[in-house]
Amino acid sequence: MTKTALITGITGQDGAYLAKLLLDKGYKVYGLLARRSSDSLWRLRELGIVERLQFIEGDLADATSAIRAVCQSRPDEIYNLGAQSFVGTSWNQPVVTGMVDGLGVTHMLEAIRQFSPESRFYQASTSEMFGLIQAEHQDESTPFYPRSPYGVAKLYGHWITVNYRESFGLHASSGILFNHESPLRGIEFVTRKVTDAAARIKLGKQKELRLGNIDAKRDWGFAGDYVEAMWLMLQQEQADDYVIATGITTSVRDMCRIAFSHLDLNYEDYLVIDPQLFRPAEVDVLLGNPAKALRKLDWKPKTGLEQLIRQMVDADLRRVGKE
């Protein structure tokens with residue numbers, strides 16, 4: 001029988017790649033769609049799947065939206081990817097971030113508990129919950145110490161998922177995903193900001209790249225690889241939490257070098273450090289240990305960072321060239 005999935009945040013990077021993965025597996029896919037003034041469907045169009053999806057209007061901050069989405073779609077699997085997902089914005093919009101990234105998770109879980117308890121639930125947790133790291137390599141047992149309103153809100157979402165799993169027996173899993181990027185990444189994120197700037201500078205449409213803390217280190221992977229881990233979690237007999245990462249950390253500085261050198265440019269000739277782009281509380285290093293995912297899910301990343309950054313630069317070259 002055909003399985004049905006409901007994806008919140010379907011118009012985002014992860015939602016788009018996950019939707020394509022599930023469609024390719026024969027799923028019927030619904031997406032919770034918050035109406036925005038900007039074009040939110042561009043990623044789905046770029047992947048060529050927008051016409052194959054069913055949309056339900058709603059917002060995670062609204063409990064009735066969650067109930068309506070669950071009742072209308074009757075999903076076998078629910079992937080809660082919807083969030084205010086930009087760390088920087090969470091400092092300016094902490095209440096909105098808390099409502100969507102924290103209470104929004106509870107809205108989905110309550111809808112499942114009351115109306116569809118057999119549905120399997122995936123919560124998009126984040127490495128930002130580790131924040132001020134308590135161990136060199138972060139795994140499922142590493143204590144959390146979030147350093148932004150985003151990290152704090154996501155931590156609530158993570159623990160309420162654990163609570164509903166243990167209290168009500170829901171098949172509810174969390175993926176603690178480290179940074180994952182792609183050509184579909186939003187322009188506000190540092191990786192895409194860098195690759196877009198490299199393309200614009202190469203084509204003579206921009207003269208500089210302004211960044212904050214370029215010595216921050218992150219564990220970067222490819223979003224297309226990471227959505228496979230999401231799906232695998234919901235195929236397991238028992239729900240659980242998993243760190244999804246590459247196990248390799250790279251600085252923003254080195255990421256700039258990779259992007260610019262792909263276009264035969266020296267990033268140092270164009271980089272401007274802007275003090276206004278530093279965050280009130282910095283997360284200096286994140287480095288995941290995905291051993292549990294390898295052992296229990298048989299999952300490991302397929303795409304290296306240099307390959308990923310080159311793909312993003314090439315995609316931005318095409319986009320900028322068409323402007």
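Quick note: numbers below take in every heavy atom, side chains included, and nothing from hydrogens, waters or symmetry partners. It should be emphasised that the depicted structure is a prediction, and the values quoted were computed from it without experimental measurement.
Considering only heavy atoms from C-beta on, Leu177 stays 4.5 Å or farther from Ser127 through its side chain. In this structure, the side chains of Leu211 and Cys256 come closer than 4.5 Å at one or more pairs of heavy atoms. At least one side-chain heavy atom of Thr106 sits less than 4.5 Å from a side-chain heavy atom of Tyr156. The shortest side-chain heavy-atom distance between Ile10 and Val29 falls under the 4.5 Å cut-off. For the pair Gln236/Leu297, a side-chain contact is recorded, criterion being any heavy-atom separation below 4.5 Å from C-beta on. The shortest distance between side-chain heavy atoms of Phe168 and Pro117 does not fall below 4.5 Å. Side-chain atoms of Glu181 and Phe222, non-hydrogen and from C-beta on, never get closer than 4.5 Å to each other. Residues Gln84 and Ser90 are in side-chain contact: their nearest non-hydrogen atoms beyond the backbone lie under 4.5 Å apart.
Linking Ile, Leu, Val, Met, Phe, Trp and Tyr residues whenever their side-chain heavy atoms come within less than 4.5 Å places Ile273 and Leu209 in a single cluster. Taking hydrophobic clusters as Ile, Leu, Val, Met, Phe, Trp and Tyr residues chained together by side-chain heavy-atom distances below 4.5 Å, Leu32 does not share a cluster with Ile49. The hydrophobic cluster containing Phe189 does not contain Met312, counting ILVMFWY residues as joined when their side-chain heavy atoms lie under 4.5 angstrom apart, directly or transitively. Cluster membership check: Leu317 shares its hydrophobic cluster with Ile309, using side-chain heavy-atom separations under 4.5 Å among Ile, Leu, Val, Met, Phe, Trp and Tyr.
Between Glu46 and Arg319, at least one side-chain nitrogen of the basic residue sits less than 4.0 Å from a carboxylate oxygen of the acidic one, meeting the salt-bridge criterion. Salt-bridge formation is detected for the pair Glu110/Arg113: a Lys NZ or Arg NE/NH1/NH2 atom is positioned less than 4.0 Å from an Asp or Glu carboxylate oxygen. Residues Arg45 and Asp39 are paired through a salt bridge, judged by an N-O separation under 4.0 Å between the basic side chain and the carboxylate. Under 4.0 Å is where a charged nitrogen must lie from a carboxylate oxygen, and between Lys292 and Asp240 at least one such pair does. With respect to the salt-bridge test (charged N to carboxylate O, under 4.0 angstrom), the residues Asp284 and Lys217 do not qualify. Ion pairing between Arg185 and Asp14 fails under the 4.0 Å rule for side-chain N and carboxylate O. One finds no salt bridge joining Arg147 and Glu128 here, because no Lys/Arg side-chain nitrogen approaches an Asp/Glu carboxylate oxygen to under 4.0 Å.
Within the structure, every pair that satisfies the ring-ring contact (aromatic ring centres under 6.0 Å, His included) test and touches residues 281-311, not counting sequence neighbours, is listed here: Tyr226-Trp299. Among residue pairs with one or both ends in residues 56-76, none qualify as ring-ring contact (aromatic ring centres under 6.0 Å, His included); sequence neighbours excluded. Sorted by first and then second residue, the salt bridge (charged side-chain N to carboxylate O under 4.0 Å, His left out) pairs involving residues 83-109 (not counting sequence neighbours) form an empty list. The list of side-chain hydrogen bond (donor to acceptor under 3.5 Å, both in side chains) pairs with a residue in residues 256-270, not counting sequence neighbours, reads His262-Asp314.
Listed here is the closest heavy atom pair of Ala61 and Val100: CB-CG2, 4.3 Å. When all heavy atoms of Gly186 and Arg192 are compared, the closest pair comes out as O-CB, 3.3 Å. The two residues Pro143 and Gln134 make their nearest non-hydrogen contact at O-CG, 3.8 Å. Here the closest non-hydrogen pair linking Ser182 and Leu308 is CA-CD1, 3.9 Å. Contact detail for Ala199 and Val320: the closest heavy-atom pair is CB-CG2, 4.3 Å. In this structure, Pro94 and Asn92 approach most closely via the heavy-atom pair CD-C, 3.3 Å.
With hydrogens and angles ignored, the 3.5 Å screen pairs a side-chain donor or acceptor of Gln13 with a backbone N or O of His180. No side-chain donor-acceptor contact under 3.5 Å links Gln93 to the backbone of Trp91. Ser167 places a side-chain N or O within 3.5 Å of a backbone atom of Asn163 that can act as its donor or acceptor partner. Proximity of a side-chain donor or acceptor of Lys154 to a complementary backbone N or O of Ala124 within less than 3.5 Å is detected. Within the 3.5 Å criterion, the main-chain N or O of Arg210 finds a donor-acceptor partner in the side chain of Lys193. A donor-acceptor distance shorter than 3.5 angstrom exists from the side chain of Arg43 to the backbone of Leu184, with no hydrogens or angles considered. Listed for the Ser65 side chain is no donor-acceptor partner under 3.5 Å among the backbone atoms of Gly58. Without hydrogens or angle criteria, His107 side chain to Leu60 main chain gives a donor-acceptor distance under 3.5 Å.
By the 4.5 Å side-chain criterion applied to Ile, Leu, Val, Met, Phe, Trp and Tyr, Met129 is assigned to a cluster that also includes Phe130, Ile133, Phe144, Leu155, Trp159, Val162, Ile176, Phe178, Val243, Val283, Val285, Leu286. Listed by chain and number, the hydrophobic cluster partners of Val152 come to none, as no ILVMFWY side chain reaches under 4.5 Å of it. Other cluster members for Leu287: none, since no ILVMFWY side-chain heavy atom sits under 4.5 Å from it.
Atom CG of Asn179 sits about 6.5 Å away from atom CH2 of Trp220, to the nearest 0.5 Å. In this structure, CG on Leu294 lies 6.5 Å from CG on Asp298, to the nearest 0.5 angstrom. Here Asp241 contributes atom CG and Ile244 contributes atom CD1; the two are 10.5 Å apart, rounded to the nearest 0.5 Å.
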**Request:** Could you check Asp219 against Thr249 for side chain to side chain donor-acceptor pair (under 3.5 Å), going step by step and ending with a plain yes or no?
**Result:** CA-CA 4 Å; Asp219 184 329; Thr249 192; over 6 Å; no
**Request:** Kindly determine whether Tyr30 and Lys28 satisfy side chain to side chain donor-acceptor pair (under 3.5 Å), including the steps that lead there.
**Result:** CA-CA 7 Å; Tyr30 287 85; Lys28 183 177 183 179; 3.3 Å; yes
**Request:** List the steps, then state whether salt bridge (charged side-chain N to carboxylate O under 4.0 Å, His left out) holds for Lys300 with Asp225.
**Result:** CA-CA 8 Å; Lys300 59 183 178 181; Asp225 293 341; over 6 Å; no
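A donor atom on one side chain and an acceptor atom on the other are found under 3.5 Å apart for Thr195 and Asp316. For the 3.5 Å distance criterion, the side chains of Ser174 and Tyr242 fail to qualify, holding no donor opposite an acceptor.
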Taking only distance into account, with no hydrogens and no angle test, what donor-acceptor pairs under 3.5 Å do side-chain atoms of residues 67-76 form with protein atoms, sequence neighbours excluded?
{"from": "Arg68", "atom 1": "NH2", "to": "Glu57", "atom 2": "O", "distance (Å)": "2.7"}
{"from": "Ser73", "atom 1": "OG", "to": "Ala69", "atom 2": "O", "distance (Å)": "2.7"}
{"from": "Arg74", "atom 1": "NH1", "to": "Phe115", "atom 2": "O", "distance (Å)": "2.7"}
{"from": "Asp76", "atom 1": "OD2", "to": "Thr4", "atom 2": "N", "distance (Å)": "2.8"}

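Scored by the side chain to side chain contact (heavy atoms under 4.5 Å, CB included) test, Ala135 finds Thr142 as partners (sequence neighbours excluded). Partners of Gln123 according to the side chain to side chain donor-acceptor pair (under 3.5 Å) rule, which considers only residues two or more places apart in sequence or in another chain, are Asn80. Partners of Lys25 by salt bridge (Lys or Arg N to Asp or Glu O under 4.0 Å), not counting sequence neighbours: none found. Not counting sequence neighbours, the partners of Gln307 by the side chain to side chain contact (heavy atoms under 4.5 Å, CB included) test are Thr303, Arg310, Gln311.
Among the candidates His171, Glu77, Met230, the single residue satisfying the side chain to side chain contact (heavy atoms under 4.5 Å, CB included) test with Tyr122 is Met230.
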